[in-house]
Structures are given as structure tokens and as C-alpha cells.
**Student:** 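Here you go, one structure.
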Amino acid sequence: MSVRVRVAPSPTGDPHVGTAYIALMNHCFARRHEGQFILRIEDTDQSRCSPQAAEAIFAALRWLGLDYDEGPDVGGDHGPYVQSQRVAAGIYQPHVERLLDQGDAYRCFCTSERLADLRAQQQAAKQAIMYDRHCRDLDPAEAASRAAAGEPHVIRMKTPLEGDCTFTDRLRPHPITKAWAEIDDQVLIKSDGWPTYHLAAVVDDHLMGITHVIRAEEWLNSVPKHLWLYQHLGWTAPEMIHVGLLRNADRSKISKRKNPVSLLHYQRRGYLPEAFVNFLALIGHSHPDEREVFDLAEMIRIFDLDRLSVGGPVFDTDRLDHLQGLYFRALDDDHRRAEIHRAIDARLDELLPLLRERMVFGGDITFLADFLFARSVSPHRDDLIPKKWDAARARAALEAVLKALRQQAKQQPEVWDATALEELLRHQAEALGCPAKDLFMIIRVAIAGRPVSPPLFDCLVILGRVAVSERLQQAALRLR
Ligand code: GLU
């Protein structure tokens, strides 16, 4: 049997480092076994997905050299490779009909209000949040006529009420057992008629002939539902392999607040794709000779499912930078020169409008924008303290700003623009009872390393959330 694997990202926002990580493992496994690697776009949550985000995934995988044999932009015999197009082609419907006919799925007419009440009650009683199977025993014929009359409803799977589901995962030493009673009657078709991830992924993996599902550990809990679907649709399930999630240095699940998670960030920052791939390979899969530097071809040669990391590969940016340095220094002169031009050119469009007013010569960019390229800055302690302030007050102000930014990141992770930042910081100044210009000065010095810089809020935007909080934290430390 020829190996067929896939990566199945949802196109929401920028392409994610986790997608690259899972794609790399699948790509290497397919190439190692001379099988096929497929890209499928899972966009059934239409409110969160966009075609632009899908395009960005194609480009990011191309940038990393992770070519796929079948996918939306390369075609193949098992298409379409975008789930919304598969919905339009009516691919999922017959399978749900089959489950309904077999009595393995049912229509549920519970309103969102009822479900919200139920959730609130379960939360208050500290019970697991799950559907109470209210509609499970409705007469199917009656339910079908209510549905035909246009009554809004979802279709749920009828999970067993008793017994256990036991399965194995290649990377885990013992079989995993879950009691069916704790597994929700998963929605398969939403009230808008669209399939949920669970149904769509199982149907597609089957129809696309997927032999191994290598994906992130966060999906491990979904395995019983998926196995149930395979069984009740009369299909053989692929082997499922769940690799550890990428983690921040403190071992929490990788998050925007602690590490940039957008591949575009790394691309723009000037990381060489070879260094980035080497880094992902190194943190996720050990080399049998404990080598640190190896390319994609070598990774394919040594790839072994049993060497995949389960504990959680740590996205250690120091290690990434170390590798980047090795690759950068190994470039020949022409490539290195091209990289230097690329690094500057890639950012010129955003920098020029900010710098234009201050420039006399082209080369001025090197000192006007140095702090935007630098990995860190070293502000003078005295510059961080406005006139008539003391160090403790300046430190407290920085800490308050950090806290406000953290909160903003939680509440509005997608918002990072000059207007929003200005509003947030003006509001902070008011809350602290200090002149806004004093607070802005502290922040400017903290991020630029000196009291003069191009417009502050634009600089914050260009630096990005992670670098801004790092620099503010460093500045607060200097004031201790
Ligand atoms: N669309 C899912 C994701 O974004 C894919 C999960 C899977 O590989 O089954 O991670």
C-alpha cells in the first residue's frame, strides 16, 4: 500500500508555524516512503476562513520547500481539495444520509438558547460540558418532516451510551481508553447545512485514500468520534499519529503573546527557509547521530515516525537564531549580498513613509531605522525616566502598559494598528494620571533605545506585539 498523508490547515489569519511543523513531518514521511503528500484546505468554518489566507498557506509551504503532490493549486485525482468546494459538490451529504438511515445519527432541534442554558447549568454544577441528548430519541420520521418543513436543526452522531473506546497511537506506549458516556453526541451537520470539521475530515481522509493521519496532539481527544464514524460508514480508519504541540519556552502551548506564530513574520524577518526547516526538524524529530545541522533531504533520509517528539517540541527562538546564523554565514557572497538587499527591501515600503522626513541620504536608513532591525536595544536608564519622575514610577508605568497590552492581546488578538495602540496608551496615561507625552517618551526609549524615533505608534506596529513586550519588559528591568 502506498503511503498517502495530508496536512489539513484551516485558512484563518496568517499561516501558522504549527501548520509548517505538521506539514514538514507529513512531507518527510511521504517522501521517505515514496508516497504522496496532500494539502487540503479545511474551511468549513466560513466566518473565520478566507481565500487569501489559503493562498498565504500555499505560498508559505512553497517558501519552505514543502511541495505537495495534490492540493488546491496543483490539482490531483481526489479533488476538489478545498472543503467549501466539496460542500458545493455535495460530497458530504450522502454519508450523513446513510448515518441517519442506519439510525446512527439524529436531527436535533434544540435552540441556541436551550444549549446556552444547559452549558451554564453544567458549568455551575462543575459538570463536563456536553449535549444532554435531549433530541436523541425523537421519532426519526417526525424529525424528518419537521426538517422538511424548514425547522432549523443540526445532525448529531449517536455515540454509544455504554462501554469504552480503546485505541492505540504509535507514539504512546499504552492503549488509550475513553468511556463512550463521556463522549459528546458530536454535531456532524450544522444548522446552516455545513459539515463540521469531524465529519468533513473523516469523509475526506477516506475519499482521498489517506493511510496515515499525522497531526497535532490537540486532536487526540477526537479520535473516538472519528473511529466511530469510520466504523459506522463501513470504512477502514487510517493509522493515527499525534505529535506534540509546539510549545513556548515555558512549555505552554505556543501562543502569539509569547512567540510570533505567523510564518510571514519569520519570512519578513529574513529567516532563511533552510534554517527554519532545520529548526522545525530538530525540535520535532531527533537525528540518529545527534546532528544539529541537516537539510530537508537528510531529514527525509532519516525520518522515522518513532523518532517524533511527543513531549512537546519547544519553539526556542535562541536556537532558531543560532541556526539562522550558521546558515547565513555559510551562504556564498552573492547570496549573502542578495539577502542583505532583500532584508532591507522587504521592509522599505513600511519604513519609507516614516523616515522620509528625516532623511538626507539613502544610507540614513541604517541609523534612522536601526532599532527596527535590531534584535534588542540598550536604552540608557536615565532616558527612561521623564523629568520630575523617579525610577519606581517609570517602572510602574511600564508594568501597567505591559499589563494593558497583555489584556488587549487576549481580548483582541487580531488588532495591532497605530490607531488602536494610540487609543490604548492615551487611556493608560489617563489611568496613571500622567501626561501622555511622558508615558509615550518612556515607551519610545524602551523600544527605540533613545529619545528620538519615527512616529511611535507606527514603530510599535512594525516591531510587532512580541518584540514590543520584550523591550518594555527589558526596560522595566533596567529600572529596578
Ligand atoms: N483543520 C484542522 C486544523 O486546522 C486539521 C486537523 C487534522 O489534521 O485532522 O488543525
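Numbering of ligands and ligand atoms starts at 1, following listing order. Only this structure's heavy atoms are used, side chains among them; waters, hydrogens and symmetry mates stay out.
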**Student:** Can you report which non-hydrogen protein atom sits closest to atom 1 (N) of ligand 1, along with the distance?
**Tutor:**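 Atom 1 (N) of ligand 1 sits closest to the protein heavy atom E42 OE1, 2.6 Å.
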
**Student:** R6 heavy atoms, cut-off 4.0 Å: which ligand 1 atoms fall inside?
**Tutor:**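 The list of qualifying atoms is 7 (C), 8 (O), 9 (O).
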
**Student:** In the protein, what heavy atom is nearest to atom 9 (O) of ligand 1, and what distance, to one decimal place, separates them?
**Tutor:**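 Ranked first by proximity to atom 9 (O) of ligand 1 is Y197 OH, 2.6 Å.
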
**Student:** Would you say A8 has any N or O atom under 3.5 Å from an N or O of ligand 1, going by distance alone?
**Tutor:**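 There is such a contact, yes.
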
**Student:** In terms of side-chain geometry, is the basic nitrogen of R215 or D205 positioned less than 4.0 Å from the acidic oxygen of its partner?
**Tutor:**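 Salt bridge flag = no for D205 with R215.
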
**Student:** Under 4.0 Å between a Lys/Arg side-chain N and an Asp/Glu carboxylate O for D318 and R375?
**Tutor:**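 Here D318 does not pair with R375 in a salt bridge, since their nearest N and O are not under 4.0 Å apart.
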
**Student:** How does S10 reach ligand 1, by side chain, by backbone, by both or by neither, if only non-hydrogen atoms under 4.0 Å count?
**Tutor:**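 S10 to ligand 1: contacts from backbone and side chain alike.
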
**Student:** Should the pair R319-D316 be classified as a salt bridge under the 4.0 Å nitrogen-to-oxygen rule?
**Tutor:**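 Judged by the 4.0 Å cut-off on N to carboxylate O distance, R319 and D316 do not form a salt bridge.
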
**Student:** Classify the side-chain pair Q407/Q411 by whether it contains a donor and acceptor separated by less than 3.5 Å.
**Tutor:**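 On atom types as modelled, these side chains do not qualify, holding no pair under 3.5 Å.
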
**Student:** Using a strict threshold of under 4.0 Å (side-chain N to carboxylate O), is an ion pair present between R247 and E217?
**Tutor:**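 Salt bridge: yes.
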
